[in-house]
Amino acid sequence: SKLRMFVDKLPDMPRIKGYDVINGIHVPKSFKIGMYHKKWKFHRDLPATEVFAYGTSWHTATVPGPTIEALHSVDSYIKWKNYLPSKHILPWDPTLPTATPSSKKGIPTVVHLHGGIDKPQSDGHSEAWFTRGFKDHGPKWTNRKYHYHNLQHPGTMWYHDHAMGLTRVNILAGLMGAYVIQQPSVEEPLGLLYGEEYDRPLVVFDRGFRSDGSIYMNSTGNNPSIHPQWQPEYFGDAIIVNGKAWPYMKVKRRKYRFRIINASNARFFKFFFTNNMTFIHVASDSAYHERPVELHDLLLAPSEIADVIVNFSKSKSNSAILANDAAYPYPSGDPVNDANGKVMKFVIDPHHEVYTGHIPHKLMMYPSPDVSKSSNTRYIAFYEYTNGEEPTHLYINGKSFEASVTETPRVGTSEIWNIINLTEDNHPMHIHLGLFVVLEQRELVNLEEFKKCMTKLNDAIKCKINKYSHGKRTNVPLHEKGWKNVFKMMPGHVTKILVKFSFIHSNESYPFDATAEPGYVYHCHFRREYTSVMIVPTGVGAAIG
Ligand code: C2O
């Protein structure tokens, strides 16, 4: 049976301030957020669903979790506490490299602040997992309390589970939430801080449900005799925004700010409004642009973020549907259907326009990438590798996640990375600690020949990458030209980026040691059950300098 759309009101997740105020002064704050097993109503007509939820208590835990509002340069200390039961609510593939508690009991979890610039011990390394009551922990675990410096530029991020081999199911179960750094001294003059009611994070993901309300996850793999539950990408037909399937929101005829986070496993969204309204794109993953960009449609890969202004006073109709037309898998999979082609509905007040100021022509001027200052050039090839009976493995330069550290950039420097995507899919690549600017994206010529060489030598230079990297150039869209932490690596293309380790705009000196164990990772954000294999540690050997 079909669920009716637009019957649940869009929730605003609970907001937690990441700072305290004492005598009018903003001071650091220490607090706890738990992970709880509970039931959550995704839709009026769907029985409540078993989920894992973040919250300050079992009662207040939500899917997605609370929005954490931190203040620039005021530290937040969070103790993430695991209250999960001994058994998972979703199946995972036991044959994959997966965090495994020695007692075999408990659910390994660890939290990564996606886009955060913090020390490695607080970055949520996949092997720094822990179980209920910190009873058991992974080999890279060091400390119970995470320290977030909030010293980076203002922007929108998200936190989510990051445990080895379980990231995918832990997030599918509900472990994710928004995290915003505000810096009123530079944001207020822009006139874009509209206050809680008009500045809304939208955490969007897809899920499938059984009629009893439980999350549907196919548990028969493509090659069940070896990997019983392995399915490369997860897709569900229900589109969930802030924990409700196809919700609605009543809005005034004024500007709203939406911080849209694609928290899906593998679904890309190409958002558009059915009444032709536009998005004024002001920022993407964790950083503002130099100038706003007006868009009719907005393509977001898993884990990308779009911070947009929508001006409802421009609407000719009294309602608008936020729709989606991204094929899945993107770009060459199935076209959207009636269900996953709709996201949510806005019901627009027919009366009074409310003037809410204009959007400035200039936003933030961050230092533009200086290629001449790059201290290193790397070639990083993603490819899939089939070994007889075995299903496909994902590798970076021929190495799996278990291999030792491959990249050792120095803190404070910039590097050029050429990301070579030899797989069939568009991979949203994410680098921890570093922010990057996309310089160029080009199609590879004679791809098969190059692939053959790479399978043998695992080395782009030895395989004469320059002979292959001069194909057709794809334009980087204007609104994706700024600093980002995720980018869509097109299949059969080489994407050249300038990445900075790291990017603390206001103060280039480091308040912490980024060189310590366990280091940082970079990876594709599909969170396949094989995602972890694509994660390669970087920066462990980085030296301040
Ligand atoms: Cu959003 Cu390493 O992850």
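Remember, it's 1-based here, ligands and their atoms both numbered in the order they're listed.
Around atom 2 (Cu) of ligand 1, the two atoms NE2 of His432 and NE2 of His523 are separated by an angle of 110°, to 10 degrees.
The atom of His525 nearest to atom 1 (Cu) of ligand 1 is NE2, with the search restricted to N, O or S atoms. Summary: ND1 is the N/O/S atom of His114 found nearest to atom 1 (Cu) of ligand 1. In His160, the N, O or S atom that comes nearest to atom 1 (Cu) of ligand 1 is NE2. The atom name of the N/O/S atom in His162 closest to atom 2 (Cu) of ligand 1 is NE2.
No hydrogens or angles considered: a donor-acceptor pair under 3.5 Å links the side chains of Ser102 and Asp136. In the model, His149 has a side-chain atom that pairs as donor or acceptor with a side-chain atom of Asp118 under 3.5 Å. For the residue pair Thr423/Asp425, the side-chain donor-acceptor check at 3.5 Å is not satisfied.
A donor-acceptor pair under 3.5 Å is formed between the side chain of Tyr234 and the backbone N or O of Gly208. For Asp161 (side chain) and Leu175 (main-chain N/O), no donor-acceptor pair under 3.5 Å exists by modelled atom type.
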